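Heads up: the structure comes next, in structure tokens.
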Amino acid sequence: MKLKIIHIRIIIACAIPTLWASAGFSLELTLPEAVKLALENNPEIRLNRLEIEIKQSEIKKKLAEYIPALNLDSSYTYWEDDPDVSELETKNQHYQAGISQKLPLGGLLSLSVNYGRSDYSPFYTEFTNYRFGPGFSIESFSDTMGVASRDDHYTGINLLYSHHLLKDGIVGPAFAPVKESRFNRDIQKDFFSQSRINLITMVETAFFQTALRQKEIKVYQEILDINQQLFKNLKSKQGLGMIPEIDVMSAQIKVYEAKEQVLSSQASFETSAQTLKTLLNTNEHIEVISDFKTNDTSQLLDDLIIFAMNKNKDLTQLKATLKKEKLLLAVAKNQYLPQVDLYISINKKGQGPSLDKATDLEETEFNAGIVFIYPLYPLDPKENYLQAKIRFRQAKVKLRQAELRITNQITTLYRQIQLVEKKIKVQTRQIKILKERMEISLKAFKERLIDLKIVYDIQDDLISGEQKYLYYLFEHQSLNASLNSNLG
């Protein structure tokens with residue numbers, strides 16, 4: 001929703017033949033095309049687009065933490081006993097596969113499957129025994145013991161769930177890192193949108209100013225034509241002895257003054273055109289063909305304020321910032337409060353001389369517990385919590401102030417636009433009368449019915465009226481651009 005009062009069609013062409021006498025190719029643009037070109041060529045806009053892409057990649061990075069994690073592990077060990085003691089050789093194999101899932105509500109769920117095998121080689125070992133001999137003597141003798149080879153298989157399935165309990169409730173700030181990254185992206189988007197709006201406003205301002213300078217050149221060119229016509233008429237009458245030389249000299253001075261005004265307007269036009277070319281990031285020549293029209297506004301003030309409350313980019317950015325600070329406050333509070341972790345584990349195990357026997361999973365083990373952690377001197381977490389609370393309150397205050405400020409600005413701009421529209425309508429009728437009056441005065445002077453001074457006075461009135469009209473048009477455009485900027 002944009003309040004359009006002045007419709008201008010700008011094509012890059014020249015209305016003053018001497019303005020671009022040496023110009024080559026000219027760029028032809030309407031206002032929408034100029035805005036599009038500026039948005040495409042502006043380096044700050046391109047940089048802001050890259051910033052949004054960076055913020056989006058940070059979201060994906062945070063979301064990756066909630067992708068199920070698969071882990072595989074295997075090990076093999078070989079152990080050989082001292083040959084002087086025994087010839088035992090042991091081979092151990094262990095394999096584990098697991099999957100874990102981090103839950104956004106503060107939990108962690110994991111499932112793992114284990115398989116292991118131990119192979120024992122046959123071995124013989126010598127050992128010394130003691131016994132009572134004759135006469136209660138003690139005698140020793142050596143003996144040898146053989147152990148057969150043996151294979152042990154074991155399997156297990158473990159299911160574990162742990163949950164971080166919070167003072168605010170069992171469920172804490174879910175997806176806190178992801179939400180924070182999303183808020184950062186939304187804030188960057190609002191900043192990007194506001195940058196676009198600011199650029200569009202500057203382009204429109206330079207665009208309309210260039211159009212008004214073009215119209216100003218046309219006005220002063222018409223005044224110059226009138227003075228040249230008067231000078232030519234007086235010159236011819238002087239030759240007939242009907243007009244004193246002092247009147248001819250005065251007319252010539254008026255011609256020079258009108259030429260100076262045309263050149264001054266052309267210089268102002270060059271400045272405005274250069275500003276527009278800078279915003280468009282182009283070196284091509286610019287000139288304007290404009291058609292100014294005013295229409296009655298149909299939007300109500302209350303509707304504009306409601307629209308701005310929903311669409312204004314400054315407000316949407318502050319709202320996103322407030323949500324982010326609220327989330328960070330909850331995170332800081334949970335870090336400051338005592339930490340309680342609850343865990344539950346179910347473990348089924350099996351063991352036997354063969355794999356079939358081990359997979360029976362005859363044993364079941366249940367474990368549950370609570371881990372309580374309380375920092376004795378929580379200086380840093382407490383400071384972070386207090387700072388987060390202050391930032392949250394400041395964000396609320398800034399939002400309220402911005403809403404009040406934008407409401408007042410829209411109300412003021414709306415009233416000013418209505419007033420300027422009335423001035424434009426009155427001045428349009430007045431200029432029409434002044435032009436008719438100027439034509440009549442020229443005819444009356446030609447027929448020697450009025451004095452030359454009266455003609456110049458009427459001409460001054462016409463110039464003053466044209467200047468007021470141009471000022472009202474530019475004021476109307478500036479107010480309208482400011483209103484559209486507030487509407488977002």
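Counting begins at 1 with the first residue of the sequence. Values in this document were obtained by computation on a predicted structure and should not be read as measured data.
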>> Please evaluate residues Tyr161 and Leu108 with respect to the criterion side chain to side chain contact (heavy atoms under 4.5 Å, CB included), reporting the C-alpha separation (whole Å), side-chain torsions for both, the decisive distance (0.1 Å), and the verdict.
In response: CA-CA 6 Å; Tyr161 178 75; Leu108 176 65; over 6 Å; no

>> Under the criterion side chain to side chain contact (heavy atoms under 4.5 Å, CB included), I'd like the reasoning laid out for Leu212 against Glu216: C-alpha separation, chi angles, the key distance, then a yes or no.
In response: CA-CA 6 Å; Leu212 290 170; Glu216 185 180 58; over 6 Å; no

> Glu58 and Lys55: side chain to side chain contact (heavy atoms under 4.5 Å, CB included), yes or no, with the steps?
Replying inline: CA-CA 5 Å; Glu58 291 178 359; Lys55 299 298 182 183; 3.9 Å; yes

>> With side chain to side chain contact (heavy atoms under 4.5 Å, CB included) as the criterion, how do Arg437 and Leu462 come out once you've worked through the C-alpha distance, each side chain's angles and the decisive distance to 0.1 Å?
In response: CA-CA 9 Å; Arg437 184 184 175 206; Leu462 176 60; over 6 Å; no

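Under the rule for a side-chain hydrogen bond (donor to acceptor under 3.5 Å, both in side chains), Asp451 has no partner lying at least two apart in sequence or in another chain. Annotation: side chain to side chain contact (heavy atoms under 4.5 Å, CB included) contacts of Arg49 (sequence neighbours excluded): Ile45, Arg46, Phe192, Arg196.
Taking both residues in full, the closest heavy atoms of Ile67 and Gln101 are given as C-OE1, 4.3 Å, listed atom of the first, atom of the second, then distance. The two residues Leu327 and Glu180 have their closest heavy-atom pair at CD2-N, 3.6 Å. Taking each heavy atom of Leu279 and Met202 in turn, the nearest pair found is CD1-O, 3.4 Å. The two residues Pro68 and Ile99 make their nearest non-hydrogen contact at CB-CD1, 4.1 Å. Closest approach of Leu487 to Ala308, counting heavy atoms only: CD2-CB, 4.0 Å. Contact record, Gly369 with Leu342: O-CD1, 3.4 Å, taken as the closest heavy-atom pair.
With contacts defined as side-chain heavy-atom distances shorter than 4.5 Å, the pair Tyr456/Asn227 qualifies. In this structure the side chain of Phe474 reaches within 4.5 angstrom of the side chain of Ser478, judged on heavy atoms. Proximity of Lys435 to Glu222: side-chain heavy atoms (C-beta onward) are separated by under 4.5 Å at one or more points. Side-chain contact between Val255 and Leu224 is present, with at least one heavy-atom pair separated by less than 4.5 Å. Looking only at side-chain heavy atoms (C-beta outward), Leu479 and Glu475 come within less than 4.5 Å of each other. For the pair Arg405/Gln401, no side-chain contact is recorded, criterion being any heavy-atom separation below 4.5 Å from C-beta on. Taking 4.5 Å as the limit, every side-chain heavy atom of Leu280 sits out of range of all side-chain heavy atoms of Asn41. At a threshold of 4.5 Å between non-hydrogen side-chain atoms, the residues Ile52 and Asn48 do not count as touching.
In this structure, the separation between NZ on Lys423 and OH on Tyr472 is 5.0 Å, given to the nearest 0.5 Å. Between the CZ atom in Phe191 and the CG atom in Asp314 there is a gap of 10.5 Å [rounded to 0.5 Å]. Taking CD1 from Ile226 and CD from Gln221, the interatomic distance works out to 11.0 Å, rounded to the nearest 0.5 Å. Between the CG atom in Leu322 and the CZ atom in Phe183 there is a gap of 9.0 Å [rounded to 0.5 Å]. Arg429 CZ to Gln427 CD: the interatomic distance, rounded to the nearest 0.5 Å, is 10.5 Å. Here Thr316 contributes atom OG1 and Ile187 contributes atom CD1; the two are 10.0 Å apart, rounded to the nearest 0.5 Å.
For the residue pair Asn480 / Glu204, no side-chain donor-acceptor distance below 3.5 Å is found, with atom types taken as modelled.
Residue pairs meeting the side chain to side chain donor-acceptor pair (under 3.5 Å) criterion with at least one member in residues 253-263, sequence neighbours excluded: Gln252-Tyr256.
Without hydrogens or angle criteria, Thr278 side chain to Gln274 main chain gives a donor-acceptor distance under 3.5 Å. Formation of a donor-acceptor pair under 3.5 Å by the Ser441 side chain with backbone atoms of Met438 is found in this model.
The number of heavy atoms from other shown groups lying within 6.0 Å of CD (Glu436) is above 12. Atom CD of Glu40 sits in a crowded spot, with more than 12 heavy atoms from other residues, nucleotides or ligands closer than 6.0 Å. The 12-atom threshold is exceeded at NZ of Lys319, counting heavy atoms of other residues, nucleotides or ligands nearer than 6.0 Å. Within 6.0 Å of NZ on Lys326 lie no more than 12 heavy atoms contributed by other residues, nucleotides or ligands.
With respect to Arg182 and Asp186, no salt bridge is recorded, no charged nitrogen being found less than 4.0 Å from a carboxylate O. Classification of Glu403 and Arg400 as a salt-bridged pair fails, no side-chain N sitting under 4.0 Å from a carboxylate O.
Results of the side chain to side chain contact (heavy atoms under 4.5 Å, CB included) test with Lys215 over Tyr220, Phe269, Tyr469 single out Tyr469 as the only residue that passes. When Leu159, Leu160, Asn158 are each tested for a side chain to side chain contact (heavy atoms under 4.5 Å, CB included) with Leu111, only one passes: Leu159.
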